[in-house]
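Notes follow the structure.
The figures that follow rest on heavy atoms only: side chains count, while hydrogens, waters and symmetry mates do not. Because the structure is a prediction, the values reported are computed rather than measured.
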Amino acid sequence: MDFKQTIASALAQSCGLAAGELENWLETPPSPELGDYAFPCFKLAKTLKKAPPVIAAELAGTLTLPEGVASARAEGGYINFTLDKRALAKAVLERVSAEGERYGGSDLGGGKNVCIDYSSVNIAKPFHIGHLPTTVIGAALYRIYNHLGYHSVGINHLGDWGTQFGKMIVAYKRWGERETIERGGVDELVKLYVRYHQEVETQPSLDDEARAWFKRIEDGDAEALELFDWFKAITLKEVAEVYDILGVRFDSYAGESFYNDKMGRVVDELRKKNLLKLDQGAQIVDLSEYKMPPCIILRSDGATLYATRDIAAALYRKDTYDFAKCLYVVAYQQDLHFRQWFKVVELLGYPWAKDLIHVSFGMVSGTEGSFSTRKGNMVKLRDVLSAACEKTLAIIEQKSPDLDDKETVAGQVGIGAVVWSSLYNGRIKDVVFDWDAILNFDGETGPYAQYTHARACSVLRKANFVPSGAVDYAVLDDAESTAVIAAIAAFPDAVKEAMEKNEPYLVSRAVIAVASAFNKFYYEQRIMADDAAVRTARLKLTDATRTVIHIGLGLLGIAAPERM
RNA sequence: GUCUCCGUAGCUCAGUAGGAUAGAGCGUUCGCCUCCUAAGCGAAAGGUCGCGCGUUCGAAUCGCGCCGGGGACGCCA
């Protein structure tokens with residue numbers, strides 16, 4: 001039952017405005033004592049030519065209260081609606097029971113595809129802490145869209161093209177050993193890359209060699225391709241291990257090299273539509289009309305660029321997936337780049353240009369400034385994850401020495417903490433990497449949510465709870481129970497808003513709201529009460545809490561252990 | 001220089017397409033485990049919402065201008 005809707009239609013009957021509009025005006029009062037919903041009458045003051053408090057009083061007087069609404073009181077310029085606690089508890093908890101793991105979801109998406117371009121690792125480069133946001137934000141959106149009835153298509157747009165692979169081959173042939181690399185993996189490739197950049201200082205001719213080798217890759221030369229594919233395989237193997245730990249999956253690994261033969265179309269279409277312009281030897285699309293620098297499509301030597309490739313990829317994805325939206329989870333540094341080529345797609349006449357969305361996020365830096373592969377000061381994601389697991393294991397040894405399978409739980413909680421760190425604030429915030437912050441398990445953190453979940457599970461286990469039978473919802477009328485119910489009731493809207501804004505943190509905050517309310521409830525009210533009716537109802541509430549936290553953490557990509 | 005994002009408590013951040021006395025967490029100080037997991041709960045202290053003008057019945061939220069910071073600005077991705 002949607003109380004907001006029923007209140008809106010009751011209001012509509014009294015004042016003659018459209019219920020849909022009124023529903024948007026309804027808000028949540030700042031404190032629960034005021035009520036569950038508030039209708040501000042200020043907006044009506046002008047048309048009705050009366051003071052807001054007068055309007056509120058009149059409306060409240062003439063209103064016929066819908067079922068489930070206990071009272072409508074005029075206070076200040078507001079009408080405050082208080083729901084019948086029993087009706088609310090029943091509606092919310094029975095909905096959670098009925099929907100189970102689907103709670104907070106819907107068929108809103110109607111099975112339409114949503115492409116999500118995220119993580120997008122670079123071949124022969126380390127997978128470092130800077131890749132965490134795109135990876136976990138993208139993976140969370142992937143699940144959130146699926147929960148809302150879309151079909152997510154996860155795309156890892158590999159950085160597997162460019163002259164750096166020519167450099168890699170040169171470095172490998174001069175100083176590399178196959179066996180060392182097979183053993184040491186990406187770290188060894190990076191060493192070669194760093195060495196190349198040292199040596200090229202004194203031997204500029206290396207760059208010519210590198211260009212030649214890259215040309216051989218482009219031309220499909222067997223030896224060049226073998227090495228190129230080998231570098232790729234080594235990188236992907238390592239990256240796959242991290243994805244496995246994080247529970248992240250992709251439906252496509254079509255990266256930059258995949259589009260190599262698909263860029264002619266971009267140039268052809270641009271030319272056909274007269275959008276290309278020769279400028280300083282390069283082919284560009286002039287965007288001065290839109291207050292942007294030109295988008296370069298072809299270099300003066302005829303080679304394609306980043307933008308060309310992105311446009312080719314967008315065309316391909318539209319053809320292949322017919323997406324309703326195509327998200328690019330990429331740091332805000334590339335803001336202009338996306339605005340430019342989105343505009344070019346629009347100028348090409350494709351109406352779906354509006355469905356291309358840059359989901360930008362802040363950058364990760366170290367306390368000493370930005371990370372750099374060449375400087376070698378970056379923090380590897382694997383190291384962060386293992387440190388988190390180690391710390392968690394130590395805590396478990398101390399707090400729950402009798403726990404079975406400590407290693408597994410330590411992994412779940414440690415990784416949960418790391419993943420959480422990228423999902424609990426708005427995306428746009430910059431992050432200064434800090435070991436203490438990322439390994440914090442107190443307060444509003446992943447482990448806090450996990451702990452609350454485990455706590456709820458523990459009670460249910462001890463009570464041998466079975467989710468059936470009659471429940472007297474009227475006994476859930478204390479402030480703490482009411483607050484938990486309100487938080488659970490708010491969860492579905494949070495998931496939907498998280499999708500609309502592409503902001504997973506809205507789910508994180510909703511989970512915290514449930515967890516925090518439950519912990520207060522847990523402390524103040526004894527769930528295993530002597531009175532059977534009270535006990536049954538509180539267990540029902542505990543079960544709903546468990547379910548919602550489980551769903552929320554699941555959407556974020558965080559495991560919810562039953563004990564910890 | 002131009003464009004863009006950001007500026008809320010000591011720190012890190014919320015603040016719902018302007019609304020009722022600005023909220024959390026961390027940190028600090030002080031309380032709470034003979035009872036369901038103390039990775040928890042409670043209390044105290046802490047804010048000219050960067051500054052100014054404007055729009056409005058009402059502005060942290062919208063507009064303009066400053067100040068401070070991040071980022072980007074043709075042949076890298």
Is any side-chain nitrogen or oxygen of Tyr448(A) closer than 4.0 Å to OP1 or OP2 of C41(B)?
-> yes

For the side chain of Glu444(A), counting heavy atoms from C-beta on, which of C73(B), A39(B), A24(B) is nearest?
-> A24(B)

Do Ser257(A) and Lys232(A) have side-chain heavy atoms sitting under 4.5 Å apart?
-> yes

According to a strict under-4.0 Å criterion, is Lys399(A) in side-chain N/O contact with OP1 or OP2 of U37(B)?
-> no

With a non-hydrogen cut-off below 4.0 angstrom, is Pro293(A) in contact with a base, only sugar-phosphate, or nothing?
-> sugar-phosphate

Closest to the side chain of Ser31(A), out of U21(B), A72(B), U12(B), is U21(B)

Most 5' of Glu524(A) and Arg427(A) on RNA chain B, judged by nearest nucleotide = Arg427(A)

Given atom CZ of Phe441(A) and atom P of G25(B), what is their separation to the nearest angstrom?
-> 19 Å

May I ask you to check whether Asn519(A) and Arg455(A) show a side-chain donor-acceptor distance below 3.5 Å?
-> yes

Do Trp161(A) and Phe214(A) make the cut of ring centroids closer than 6.0 angstrom?
-> yes

Given A39(B), C36(B), G15(B), the nucleotide with the shortest approach to the side chain of Val413(A) | A39(B)

Mind telling me whether G74(B) is syn or anti, cutoff 90° either side of 0?
-> syn

Mind telling me whether C33(B) is syn or anti, cutoff 90° either side of 0?
-> syn

P atom, A22(B) versus U34(B): distance in rounded Å?
-> 39 Å

Given Watson-Crick and G-U pairs under 3.5 Å, RNA chain B in dot-bracket ([ ] crossing, | other strand) is (((((((..((((.....[...)))).(((((.......))))).....(((((..]....))))))))))))....

Atom OH of Tyr523(A) to atom C1' of C35(B): distance rounded to whole Å?
-> 12 Å

Taking the P atom of each, how far is C30(B) from A45(B), in whole Å?
-> 15 Å

Electrostatic pair Asp208(A):Arg211(A) at N-O distance under 4.0 angstrom | yes

Using the C1' atom as the reference point in each nucleotide, state the distance between A44(B) and C35(B) in Å, no decimals.
-> 28 Å

Whole-Å C1' distance, C66(B) and A24(B) = 32 Å

Okay, side chain of His197(A), backbone of Val194(A): is any donor-acceptor separation there less than 3.5 Å?
-> no

Classify the nucleic acid contact of Ala454(A) as base, sugar-phosphate or nothing, counting any heavy atom under 4.0 Å across all strands shown.
-> base

How far does the P atom of U61(B) sit from the matching atom of U56(B), given to the nearest Å?
-> 16 Å

Provide the distance between the two P atoms, one in U28(B) and one in U16(B), to the nearest whole Å.
-> 31 Å

Using the C1' atom as the reference point in each nucleotide, state the distance between G23(B) and C62(B) in Å, no decimals.
-> 22 Å

Picking from A39(B), C75(B), A77(B), the nucleotide nearest the side-chain atoms of Tyr306(A) would be A77(B)

The answer to which of Leu34(A) and Gly426(A) contacts RNA chain B further toward the 5' end, by nearest nucleotide, is Gly426(A)

Under 3.5 Å, side chain of His550(A) to main-chain N/O of His453(A), donor-acceptor pair present?
-> no

Heavy atoms, side chains only, cut-off 4.5 Å: are Ile79(A) and Leu11(A) in contact?
-> yes

Using atom C1' of each nucleotide, how far apart are G42(B) and C3(B) to the nearest Å?
-> 50 Å

Answer with base, sugar-phosphate or nothing: what part of the nucleic acid does Met292(A) contact at a heavy-atom distance below 4.0 Å?
-> nothing

Ignoring the backbone of Ile296(A), work out which of G74(B), C3(B), A38(B) is nearest its side chain.
-> G74(B)

With distance as the sole criterion, do the side chain of Asn519(A) and the base of A39(B) form a donor-acceptor contact below 3.5 Å?
-> no

Just to confirm, is there a sub-4.0 Å distance from OP1 or OP2 of U16(B) to any side-chain nitrogen or oxygen of Lys501(A)?
-> no

Ignoring hydrogens and angles, does a donor from either the side chain of Ser458(A) or the base of C36(B) sit under 3.5 Å from an acceptor on the other?
-> no

Hey, would you say the Tyr316(A) and Tyr259(A) ring centroids sit under 6.0 Å apart?
-> yes

Of the candidate nucleotides C75(B), A14(B), C26(B), which contains the atom at the shortest distance from the side chain of Lys429(A)?
-> A14(B)

Just to confirm, is there a sub-4.0 Å distance from OP1 or OP2 of A38(B) to any side-chain nitrogen or oxygen of Arg455(A)?
-> yes

Report yes or no: is the cationic atom of Lys343(A) (NZ for Lys, CZ for Arg) closer than 6.0 Å to the six-membered ring centre of Tyr290(A), at no more than 45° off its axis?
-> yes

